[in-house]
Amino acid sequence: MDKSTIVCRCEEINVDEIETVLKMGAETFDDVKRITRCGMGPCQAKMCVKHVSNLISEYTGKPLAEIPPARARMPLKITRMRVLAGTESHASTVKAVFEEGDPDEK
Amino acid sequence: MNIDLLVVGGGPAGLMAALEAAEYGVNVAIVEESSRLGGQLRQQTQYLSPLPSGIGEIRGFELANELVEAVTFNKHIVTYTNHTVIGLYEDGSVGINNGKEIIRCETKKISVATGADIQGVLFPGWTLPGVLTVGAAQILVNRERVKPGNEAFIVGSSDFSIEVALQLYDVGINVLGIVETETSLHDRKQENLYRLKEKNIPILENSYIEQAKGRGQVEKVILNQNGNKEEYDVDLICVDGGLNPVIELCQLYNCSFAFNEILGGWLPTYQANFETSTDGVFIAGNTAGITNQGAVMVTGKLAGLGAAESLGNVPEQAADVWRNNYWSELAKLENYQVNEARTCHIQNFETSKTKVYET
Ligand SMILES: Cc1cc2nc3c(=O)[nH]c(=O)nc-3n(C[C@H](O)[C@H](O)[C@H](O)COP(=O)(O)OP(=O)(O)OC[C@H]3O[C@@H](n4cnc5c(N)ncnc54)[C@H](O)[C@@H]3O)c2cc1C
Ligand code: FES
């Protein structure tokens, strides 16, 4: 395949860049990620992890069963900073679990 | 509200898990990231088969409606749409984003039914607008009523992509062919292959897309078939690189994982009651291995039953009887190879407790 083919579309990383880090000794998706930013885009590796694993497998000759998936971390999905920090009125309060009839909800 | 079981994901697996557990009086909350329940069934217009006994001929979205209704009127179940699980806190509570803030939810048991991701296919030009996954094309056509193009190639010939090819044809998209690298098409549904013939959609074996080209969007594609290259004018390429279980939440729970190609790659190890290596964490549906919709429903029942049993709401003996019934139903519904792989995956539960990642 053409070496300029994009593998990670969020971060625009191509086959050539991935192969370069494989030559440097990268063995897992997370290795590739730390060096290239591949997998650190808005989709958080959902679209590129399998392609990268395939490339690693081709390059190293290891079966896919020996190439661990990307490590997931919180937050699992795109989350607004405002939401993570809590809204002003709720700042630093831990909301009761599924409180019913929250006036802010209305 | 007092939650015994939190179900993450409101697709067929999650809904069935909730309904099953509620049968035994378990208080269930379902959280669903999107604005509606039903998961991927929502855009499936084809008649589903095979389905669990007792369910007649029905289309995917109709089945979704029935399940959603059953859940909505169940007094033991509350549902939260537009609520996304984003992770776990140190105290074990589950972080849920409702768009305004993070709710910390405490629950006794959790059932992860977050479905599967569709993978793309790599070729030069695959990032051009006009290249979509077959799943995205199906959502556009059947749910959003948007016609994504006029002249199309489909890449990958799973039953799923064949179904989408037929659905694209039905809305007036000219499907030039289904591109398949393999040369043998074992295991495809015969009626689907028959319908392809009827509509004159060829499966192009031993072929792949060499390149997609265009200014700002797909305009041309170079197809390599049996080593011969040919260029076609198309504005739509729908790719199916296979489905992979969505396992992120299970990673946060430090479940152990094993690789099983037939079940879709990396997935949590689990037992016959669909409980993972982490106490109280159950999985269901495509998260527990890629299979057909009927089987997905039964895995939901198994996970719901397992959770109800571990909460003490079902005596062990009764649970065993039901579990055996569901397992035989599962064996009837799903592809033989998939069922075999699943059985193997479960038998390996003890030995395959290799924790791949440590934080
Ligand atoms: C786009 C698409 C189209 C498909 N079409 C077909 C088809 O035509 N034929 C076929 O046989 N199979 C198809 N499939 C396979 C499909 O996955 C199964 O048919 C079935 O829907 C799987 O059920 P499930 O309950 O396991 O997952 P899903 O139906 O995917 O349900 C999972 C639910 O979990 C929710 N969710 C995920 N993560 C979170 C989170 N962190 N917090 C809260 N909610 C969350 C999702 O929004 C989703 O509603 C399709 C898959 C996809 C992705
Ligand atoms: S495609 Fe790599 S992070 Fe999105």
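Throughout, protein chains are lettered first and strands after them, A, B, ... in sequence-line order, and every chain is numbered starting at 1.
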* **Heavy-atom pair count under 4.5 Å with chain B, highest-scoring of A:Ile6, A:Asp2, A:Val49** => A:Ile6
* Structure fact -> Closest non-hydrogen atoms of A:Ala72 and B:Leu252, given as atom of the first, atom of the second and distance, are O-CD2, 3.4 Å
* To do: For the pair A:Arg71 (side chain) and B:Gln251 (backbone), establish whether a donor and an acceptor sit closer than 3.5 Å, ignoring hydrogens and angles.
  => yes
* Just give me the residue among A:Arg80, A:Glu66, A:Lys50 that pairs up with chain B most often, heavy atom to heavy atom, under 4.5 Å. => A:Lys50
* **Nearest non-hydrogen partners of A:Val83 and B:Gly99, listed with the distance** => CG2-O, 3.4 Å
Table please: side-chain donor-acceptor pairs of residues 31-39 of chain A below 3.5 Å, with sequence neighbours left out.
{"unit_1": "A:Asp31", "atom_1": "OD1", "unit_2": "A:Thr28", "atom_2": "OG1", "d": "3.3"}
{"unit_1": "A:Asp31", "atom_1": "OD2", "unit_2": "A:Glu27", "atom_2": "N", "d": "2.8"}
{"unit_1": "A:Asp31", "atom_1": "OD2", "unit_2": "A:Thr28", "atom_2": "N", "d": "3.2"}
{"unit_1": "A:Asp31", "atom_1": "OD2", "unit_2": "A:Thr28", "atom_2": "OG1", "d": "3.4"}
{"unit_1": "A:Thr36", "atom_1": "OG1", "unit_2": "A:Val32", "atom_2": "O", "d": "2.8"}
{"unit_1": "A:Thr36", "atom_1": "OG1", "unit_2": "A:Cys38", "atom_2": "N", "d": "3.0"}
{"unit_1": "A:Arg37", "atom_1": "NE", "unit_2": "A:Glu11", "atom_2": "OE1", "d": "3.1"}

* Asked: Is the count of non-hydrogen atoms from other residues, nucleotides or ligands lying under 6.0 Å from A:Glu12 atom CD greater than 12?
  -> no
* Asked: Are B:Ile102 and A:Thr79 close enough that some pair of their side-chain heavy atoms sits under 4.5 Å apart?
  -> yes
* Answer yes or no: are there more than 12 heavy-atom neighbours, outside A:Lys62 itself, under 6.0 Å from its atom NZ? => yes
* **Neighbourhood of chain B inside residues 40-48 of chain A, taking heavy atoms under 4.5 Å as contact** => A:Lys46, A:Met47
* Listed by chain and number, what are the salt bridge (charged side-chain N to carboxylate O under 4.0 Å, His left out) partners of B:Glu33, not counting sequence neighbours? -> A:Lys77
* Asked: What parts of residues 114-128 of chain B touch chain A if we use heavy atoms and a cut-off under 4.5 Å?
  -> B:Asp117, B:Gln119, B:Gly120, B:Val121, B:Leu122, B:Phe123, B:Pro124, B:Trp126, B:Thr127
* What distance do B:Ile86 atom CD1 and A:Leu84 atom CG have between them, rounded to the nearest 0.5 Å? -> 5.0 Å
* Asked: If only atom types and distance count, is the side chain of B:Trp266 paired as donor or acceptor with the main-chain N or O of A:Ala65 below 3.5 Å?
  -> no
* Structure fact -> Turns out that what part of B:Asn244 lies under 4.5 Å from chain A's heavy atoms comes down to side chain
* Asked: Quick check: are there more than 12 heavy atoms from other residues, nucleotides or ligands sitting under 6.0 Å from CD of B:Glu261?
  -> no
